[in-house]
Structure formats: structure tokens, C-alpha cells
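We number each residue from 1, following the sequence as shown. Values below: all heavy atoms of this structure, side chains included; hydrogens, waters and symmetry mates excluded.
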Amino acid sequence: MMKTAIKIAYIGTDFSGSQYQPDRRTVEGELKKGLVEAGTINENTRVYLSGRTDAGVHALCQVAAFEPADIKLAEPRIINSKMPKDLWSYSKAEVPDGFDPRRDPESREYRYILHAPGLDEVTMAMCSEMLLGTHDFTNFATLEPGKDPVRMVKNIGIRKHGDFFFIDIEANSFLWNMVRKIVSVLRMVGSGEQQPEWVEMLLDPGEHREGVPAAPAGGLYLMKINYPGIDFIDDEYAKKRAYRRLSESFESYYTMSEIYREFRDAMR
């Protein structure tokens, strides 16, 4: 028996996270409701997500897997007809019955877009290199009871564009709030509030424990999930429709962004 896996994207602003919660608007809840309405799955079919995102966090590449009731109705363009405007599918793959979207990835990649004029990019990059490799990230996470705090960070890339920093982090898996706390740490060393030696202290929780604040959720999105041997096929029609919906939905935000920029420049 085969399962279907789909890539979904969403703007997390109006979701109470991805994981199903009774009486809350969640990604899992809206996705399952739409799949049932489209006839893609039955009411009692389980939908498995590749991971959890918190309230306000976005995703460009969350993955959901399920056993379709009708394989012909498991197409992104059909699924999207029953989805809200801030949630859509754009790619699919046929996967083995044993496929587990949460446990099978070899890595995940997040991007945080940070508006922070005046930070020292060189210091941030130097400190990010300290985080590469396998470490105990207790000080960089909100730990759940019994959770192993050791993770392997494969790559951190920092790119500056105007007043924005694009911070990309790839790891085998992430702890709760790990990316957002790493961003806070990089911001504090980039501003001079903390020195690089502080990062080394945080990486030794046996000797130093400190609560690091998490950066705001709205700047974070799940960018990519890497599955070995799984070939997703994009639905170009679904992608074009999503582009049009995004353009229409965010027109007012683009306008306000330009107004803010002009006001800021006028106040200099």
C-alpha cells in the first residue's frame, strides 16, 4: 500500500500553531478538514505532519502524509479548492506505507528574517560558526521533559540585505524554540550587548545555565525538509494560483511597507 505525501505552505499569523488543538485554528485542523471536504481522505483518516511549528511561525515546506481514499483527488490543485487562503499545497509524492514524515528527514532548514539595522555581521558570522556541529543546546531551547538536548547543526548562513538579516539554519532536527533563541543570541552579540565568549558559555550548560529569550515568531519560517530518495513533483498550476492569491492578499502590506520606509527616511 502506498501513501501520498504533499508539500504545504502557510502564513502562520492566524494559526495557533501547526499541531491540532480542540477549539483552536491550527494548520493540521484546517488541512484535514479541507482534505475531507475534497474527498481526498475519509473522516477517520490520520494525517501526519513532518513537524510542529508554533503559533505565528510560517512554512514554505511543511510535509503531510496520509492514505488517500481516492488517489485521483490527492492532487494539490484539487486539495487547494477546499483550503483557506493562508494554507495551500503545491507538490506531491507517492511514498511507501512505512514513510514517516517526522522521523525520515535527514535534515530540516529554517530561515529567520531579522530587521535589525546596525548589527555587526562579522561578529554574528564568527559566533554562528561556534554553533556548528554536535552540541548540547539546553540554553538555546525551551526543553520538554525527557527531551534529549543534543542536536547537530549542519550549516548556518547569514546574509545581509539592507536593514535585514537572512539567517538560515540547517540541522538534523530542532528543539522547541531553538532557532528563535539562536537568532536572539546572534542579535545580542551583533549589537555588542554580549561578547562572543558568552556563546561559548551557553554551549556548556553543565557549567552555565541561562534563559535566552526567543526572537518573535513572525520572522521565522520552515524553508525546506530533506528526505533521501523521495521525489516530489510540483503542481505548476497550484503554484501559479498560490502566487496570485498571495499577491492579492498582501497588496496592502506592500503599500504600508513603502509608507513606513518613506516616513522613516523623512525622520532621519
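- We find the CD-CZ distance between Glu67 and Arg46 to be 12.0 Å, quoted to the nearest 0.5 Å.
- Taking the six-membered ring where tryptophan is involved, the planes of Phe174 and Tyr110 are perpendicular, since the angle between them exceeds 60° and thus also 30°.
- Side-chain contact between Arg25 and Asp14: present, with at least one pair of heavy atoms (C-beta onward) separated by less than 4.5 Å.
- Between the side chain of Asn139 and the backbone N or O of His208 there is at least one donor-acceptor pair closer than 3.5 Å.
- Gln62 and Ser50 are linked by a side-chain donor-acceptor pair at a separation below 3.5 angstrom, with hydrogens and angles left out of the test.
- A donor-acceptor pair is defined here as one N or O able to donate and one able to accept, closer than 3.5 Å; no such pair exists between the side chain of Thr138 and the backbone of Pro149.
- With hydrophobic clusters built from ILVMFWY side chains whose heavy atoms lie under 4.5 angstrom apart, Leu203 shares a cluster with Ile169.
- Side-chain contact between Ile41 and Val36: present, with at least one pair of heavy atoms (C-beta onward) separated by less than 4.5 Å.
- With a 6.0 Å radius and a threshold of 12 heavy atoms from other residues, nucleotides or ligands, Lys240 has its NZ atom at or below the threshold.
- Looking at Arg111 and Val179, their side chains never come closer than 4.5 Å, going by heavy atoms from C-beta outward.
- Across all their heavy atoms, Pro68 and Met2 have their closest contact at CD-O, 4.4 Å.
- A donor-acceptor distance shorter than 3.5 angstrom exists from the side chain of Lys160 to the backbone of Gly162, with no hydrogens or angles considered.
- In this structure, NZ on Lys92 lies 9.5 Å from CD1 on Ile6, to the nearest 0.5 angstrom.
- Across all non-hydrogen atoms, the minimal contact from Leu31 to Leu49 is CD2-CD2, 4.1 Å.
- In this structure a side-chain-to-backbone donor-acceptor pair under 3.5 Å is missing from Ser249 to Leu246.
- Using the six-membered ring where Trp is involved, His135 and Phe137 have ring planes that are perpendicular, over 60° apart on the 30 and 60° scheme.
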(message) Could you walk me through whether Met130 and Val189 satisfy the side chain to side chain contact (heavy atoms under 4.5 Å, CB included) test, starting with their C-alpha distance in whole Å, then the side-chain angles of each, then the deciding distance to 0.1 Å, before giving a yes or no?
(response) CA-CA 13 Å; Met130 300 179 189; Val189 295; over 6 Å; no
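- Side-chain atoms of Ser247 come within 3.5 Å of backbone atoms of Tyr243 as a donor-acceptor pair (strictly under, hydrogens ignored).
- Cation-pi geometry between Lys3 and Phe99 is not met: the NZ or CZ atom fails to fall both under 6.0 Å from the ring centre and inside 45° of the normal.
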(message) Could you go through Arg102 and Tyr48, starting from their C-alpha distance and side-chain angles, then the distance that decides it, and tell me whether this counts as side chain to side chain contact (heavy atoms under 4.5 Å, CB included)?
(response) CA-CA 8 Å; Arg102 181 184 290 269; Tyr48 299 89; over 6 Å; no
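- Atom CD of Glu207 has 12 or fewer heavy atoms from other residues, nucleotides or ligands within 6.0 Å.
- Counted within 6.0 Å of CG on Asp23, heavy atoms from surrounding residues, nucleotides or ligands total 12 or fewer; the atom is thus considered open.
- We find the OH-NZ distance between Tyr90 and Lys7 to be 5.0 Å, quoted to the nearest 0.5 Å.
- Linking ILVMFWY residues whenever their side-chain heavy atoms come closer than 4.5 Å, directly or via other members, places Leu119 and Trp198 in the same cluster.
- In plain terms, the two heavy atoms of Ala93 and Asp231 that are nearest each other are CB-O, 3.4 Å.
- Using a 4.0 Å cut-off between charged side-chain N and carboxylate O, Glu258 and Arg261 make a salt bridge.
- What you find for Thr26 and Ser16 is that their closest heavy atoms are CG2-O, 4.0 Å.
- Heavy-atom contacts from other residues, nucleotides or ligands closer than 6.0 Å to NE2 of His115 number more than 12.
- Using a 4.5 Å heavy-atom cutoff, the side chains of Leu202 and Gln194 are not in contact.
- For Arg241, the CZ atom counts as loosely surrounded, since its 6.0 Å shell holds 12 or fewer non-hydrogen atoms of other residues, nucleotides or ligands.
- In this structure, the separation between CG on Leu132 and CE on Met152 is 11.0 Å, given to the nearest 0.5 Å.
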(message) Apply salt bridge (Lys or Arg N to Asp or Glu O under 4.0 Å) to residues Glu30 and Lys33 and explain how you reach the verdict.
(response) CA-CA 5 Å; Glu30 292 296 314; Lys33 182 170 68 174; 3.6 Å; yes
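- Across every non-hydrogen atom of Ile167 and Ile156, the tightest pair is CG2-CG2, 4.5 Å.
- Inter-residue side-chain proximity for Leu87 and Ile8 is flagged as met; some heavy-atom pair is nearer than 4.5 Å.
- Other residues, nucleotides and ligands place more than 12 heavy atoms under 6.0 Å from the OH atom of Tyr254.
- Shortest non-hydrogen contact noted between Leu186 and Ile158 is CD1-CD1, 4.1 Å.
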(request) Check step by step if side chain to side chain contact (heavy atoms under 4.5 Å, CB included) holds for Thr142 and Lys181. (result) CA-CA 9 Å; Thr142 303; Lys181 292 197 174 202; 3.7 Å; yes
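- Counting only N and O atoms by type, the side chains of Asp234 and Ser91 include a donor and acceptor under 3.5 Å apart.
- Side-chain contact between Glu121 and Phe165 is present, with at least one heavy-atom pair separated by less than 4.5 Å.
- Taken to the nearest 0.5 Å, the CZ atom of Phe140 stands 9.5 Å off from the CD atom of Glu210.
- Residues Asp86 and Tyr10 have side chains not in contact (no heavy-atom distance under 4.5 Å, counting atoms from C-beta outward).
- The local environment of NZ in Lys154 is crowded, with over 12 non-hydrogen atoms from other residues, nucleotides or ligands closer than 6.0 Å.
- Cluster annotation: Tyr221 is not connected to Val183 through the hydrophobic network of ILVMFWY side chains, with a link wherever side-chain heavy atoms come within less than 4.5 Å.
- Heavy atoms of other residues, nucleotides or ligands lying less than 6.0 angstrom from CD of Glu251 number 12 at most.
- A donor atom on one side chain and an acceptor atom on the other are found under 3.5 Å apart for Glu170 and Ser107.
- From Phe250, atom CZ reaches atom CD1 of Ile11 across 4.0 Å, with rounding to the nearest 0.5 Å.
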(request) Test Glu106 against Asn172 for side chain to side chain contact (heavy atoms under 4.5 Å, CB included), laying out the working first. (result) CA-CA 6 Å; Glu106 58 184 13; Asn172 61 335; over 6 Å; no
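- Taking hydrophobic clusters as Ile, Leu, Val, Met, Phe, Trp and Tyr residues chained together by side-chain heavy-atom distances below 4.5 Å, Ile71 does not share a cluster with Val47.
- Val27 and Leu60 are members of different hydrophobic clusters when ILVMFWY side chains are connected at heavy-atom separations under 4.5 Å.
- Looking at heavy atoms from C-beta onward, Val95 lies out of side-chain contact with Tyr227 at the 4.5 angstrom threshold.
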